[in-house]
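Below is one structure, written out as structure tokens; comments come after it.
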Amino acid sequence: AQSVTQLDSHVSVSEGTPVLLRCNYSSSYSPSLFWYVQHPNKGLQLLLKYTSAATLVKGINGFEAEFKKSETSFHLTKPSAHMSDAAEYFCVVSDRQTGANNLFFGTGTRLTVIP
Amino acid sequence: DTEVTQTPKHLVMGMTNKKSLKCEQHMGHRAMYWYKQKAKKPPELMFVYSYEKLSINESVPSRFSPECPNSSLLNLHLHALQPEDSALYLCASSQYVGAPNTIYFGEGSWLTVV
């Protein structure tokens, strides 16, 4: 069965410091993994995705994530936080078993950036 | 260009009203989705259309009625809604259904039922 665990419901960082948002997944098949960002009162924007190519994935706005199969993790990082990064972040998994019900969402991590 | 367009952005309706949410994509995607999102929660899947045919209905009440007039358009017809149906409704699309296709979301329609 597929599942996603976002280990922190809220992360707070100072502007200019690194960001780490943690995600662990469970999947019986080779998974596809995604990070989406949702700014207040907005829809979901795709940050990056892993689909069995390079394990280090670079996304938009300086974010990247590393797929670690041995640890079943897909943590999201950014070297230096910007005020505009304050948002809700969702880690998402899908695999060929999920079929048409394509995505399993984590519960989300709210990122606060302190000036 | 990965864009899914939703209208209206905001909708307030009474419990006896009939209204519709609209969604459009011009990426040539053959799968389209409706999700419902309550505050501080992840989105929940409502419906999936594949090649303009309804393939998944996640036990959604009949007061929500989806329609896919063509491969670019997706509607959600609303009738006799309840206040607890107030939420953000997100439309999404992907090239095809299933992994590893990426799902792209619209900005959403904020629905308030009074």
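Chain identifiers are assigned alphabetically (A, B, ...) following the order of the sequence lines, protein sequences preceding nucleic acid strands; residue numbering begins at 1 within each chain.
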**Q.** Residues B:Leu45, A:Leu103; criterion side-chain contact (heavy atoms from CB on, under 4.5 Å); working and verdict
**A.** CA-CA 9 Å; B:Leu45 183 66; A:Leu103 303 179; over 6 Å; no

Name the region of [X], side chain, backbone, both or neither, that has any atom closer than 4.5 Å to a heavy atom of chain B.
X	value
A:Lys42	both
A:Leu46	side chain
A:Gln38	side chain

Q) Step by step, would you call B:Tyr35 with A:Phe105 a side-chain contact (heavy atoms from CB on, under 4.5 Å)? A) CA-CA 12 Å; B:Tyr35 283 81; A:Phe105 282 82; 4.0 Å; yes

Q | Gap separating the OH atom of A:Tyr36 from the OH atom of B:Tyr104, nearest 0.5 angstrom | A |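 OH of B:Tyr104 is found 7.5 Å from OH of A:Tyr36.
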
Q: Over all heavy atoms of both residues, which pair between B:Phe105 and A:Leu44 is shortest? Give the atoms and the distance, please.
A: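 The answer is CB-O, 3.4 Å.
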
Q. How close do B:Pro42 and A:Gly106 get, heavy atom to heavy atom, and via which atoms?
A.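 For B:Pro42 versus A:Gly106, the nearest heavy atoms are CB-O, 3.5 Å.
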
Q. So what's closer than 4.5 Å to chain A heavy atoms on B:Glu44: side chain, backbone, both or neither?
A.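 No part of B:Glu44 comes within 4.5 Å of chain A.
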
Q) Is there side-chain contact between A:Thr107 and B:Lys41, with at least one heavy-atom pair below 4.5 Å? A)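 No. Closest side-chain heavy atoms not under 4.5 Å.
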
(Q) If we define contacts as heavy-atom pairs under 4.5 Å, which of B:Gly106, B:Ala92, B:Pro43 has the most with chain A? (A)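 Highest number of heavy-atom pairs under 4.5 Å: B:Pro43.
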
Q | Connected via hydrophobic side-chain network under 4.5 Å: B:Leu78 and B:Tyr33 | A |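 No: no chain of side-chain contacts under 4.5 Å links B:Leu78 to B:Tyr33.
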
